[in-house]
Amino acid sequence: MSGRELRRNLAILPIGTVRELTLLTDRQIRYYEQHGLISPKRGDGGQRRFSLNDVDQLLNIKDHLDAGDSTKDIKEIFEKQARKARQSKNTDQALRRSLQDEFAKIGRFDVR
DNA sequence: ATTCTAACA
DNA sequence: TGTTAGTA
């Protein structure tokens, strides 16, 4: 995982900050969690800790809700997106590997 | 002061 | 979803 991705997934934001960032009520944020739309980590005394990706996710949820989608629909959409993201990531790695192989065969390029 | 869970008008 | 009670 890249450093950039690591920072994006750092779960350190308390719900109060997320509330201001997303303009959602804490009630709504907790409700979306119950329905599996987000999965913030828990820290000190069971308090939720959100990452920047969680904030991003919540903003997307708000848009989908405005668009008239149910929480159930949104969950499916996210799962579908996650599947595709994992796929393209894999084909990306596969492409890099095969290119490395080709260069290695040709010889003049050090793979390392 | 903040956040958490559970529950109700 | 809003709101409130009783906690940690």
Side-chain angles (χ1 to χ4, degrees):
Chain A
M1 201 183 270
S2 73
R4 189 173 266 188
E5 197 169 348
L6 277 175
R7 283 179 312 223
R8 221 174 206 39
N9 287 308
L10 264 190
I12 58 179
L13 312 176
I15 197 169
T17 302
V18 176
R19 191 211 301 121
E20 295 195 81
L21 249 27
T22 62
L23 298 183
L24 288 167
T25 65
D26 38 356
R27 174 77 166 86
Q28 290 175 305
I29 296 172
R30 293 176 184 128
Y31 178 83
Y32 302 152
E33 179 188 12
Q34 287 193 323
H35 292 263
L37 273 52
I38 53 174
S39 302
K41 294 182 177 180
R42 298 298 184 119
D44 213 60
Q47 296 189 218
R48 277 165 260 253
R49 288 296 142 81
F50 303 79
S51 69
L52 294 175
N53 279 331
D54 290 328
V55 173
D56 230 85
Q57 186 87 319
L58 285 168
L59 292 174
N60 284 333
I61 292 170
K62 194 161 66 157
D63 288 340
H64 281 297
L65 253 28
D66 288 339
D69 297 325
S70 69
T71 58
K72 183 181 165 192
D73 295 329
I74 299 173
K75 188 177 181 182
E76 292 174 355
I77 291 172
F78 283 163
E79 287 171 350
K80 191 165 294 182
Q81 288 179 339
R83 275 198 297 266
K84 289 188 177 181
R86 281 192 295 274
Q87 266 195 336
S88 60
K89 192 175 183 180
N90 285 330
T91 53
D92 214 65
Q93 292 178 337
L95 175 59
R96 288 169 191 242
R97 277 196 296 274
S98 62
L99 283 176
Q100 278 191 168
D101 285 348
E102 292 307 312
F103 288 140
K105 285 177 184 172
I106 292 173
R108 276 181 297 257
F109 301 96
D110 284 325
V111 175
R112 262 174 300 185

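Protein chains get the first letters and strands the later ones, always in sequence-line order, with residue 1 at the start of each.
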Exercise. What are the bounds, 5' to 3', of the part of DNA chain C that sits under 4.0 Å from heavy atoms of chain A?
Worked result: dT1(C) to dT3(C)

Would you give the length of the straight line joining atom [atom1] of [X] to atom [atom2] of [Y], rounded to the nearest 0.5 angstrom?
{"X": "N53(A)", "Y": "L58(A)", "atom1": "CG", "atom2": "CG", "answer": "11.0 Å"}
{"X": "L37(A)", "Y": "H64(A)", "atom1": "CG", "atom2": "NE2", "answer": "9.5 Å"}
{"X": "S2(A)", "Y": "N9(A)", "atom1": "OG", "atom2": "CG", "answer": "9.0 Å"}

Exercise. In whole angstroms, how far is the C1' atom of dT5(B) from the CD atom of Q47(A)?
Worked result: 13 Å

Problem set entry | Whole-Å distance separating the CD atom of Q34(A) from the P atom of dC4(B) | 12 Å

Exercise. Should R49(A) be listed as having a side-chain N or O under 4.0 Å from OP1 or OP2 of dT2(B)?
Worked result: no

For this session: Please determine if a side-chain N or O atom of R30(A) lies less than 4.0 Å away from the OP1 or OP2 oxygen of dC4(B).
Result: yes

Exercise. What residues form a side chain to side chain donor-acceptor pair (under 3.5 Å) with R49(A), not counting sequence neighbours?
Worked result: none

Problem set entry | side chain to side chain donor-acceptor pair (under 3.5 Å) partners for R96(A), two or more places apart | D92(A)

Exercise. So, the side chain of N60(A) versus the backbone of Q57(A): is there a donor-acceptor pair under 3.5 Å, distance only?
Worked result: no

For this session: Identify, residue by residue, the members of residues 15-28 of chain A with a heavy atom below 4.0 Å from DNA chain C, and return them in order of residue number, or none.
Result: T25(A), R27(A), Q28(A)

Problem set entry | Stems involving DNA chain C, each a run of at least 3 consecutive Watson-Crick or G-U pairs under 3.5 Å | B:4-8 with C:2-6

Problem set entry | Nearest-nucleotide 5' precedence on DNA chain C, Y32(A) against G45(A) | Y32(A)

With a 3.5 Å cut-off and sequence neighbours excluded, list the donor-acceptor pairs that the side chains of residues 21-30 of chain A form with protein atoms.
residue : atom : partner : partner atom : Å
T22(A)  : OG1  : V18(A)  : O            : 2.8
T22(A)  : OG1  : L24(A)  : N            : 3.3
T25(A)  : OG1  : Q28(A)  : N            : 3.1
T25(A)  : OG1  : Q28(A)  : OE1          : 3.3
Q28(A)  : OE1  : T25(A)  : N            : 2.9

Exercise. Is it true that the side chains of S98(A) and D101(A) contain a donor and an acceptor less than 3.5 Å apart?
Worked result: no

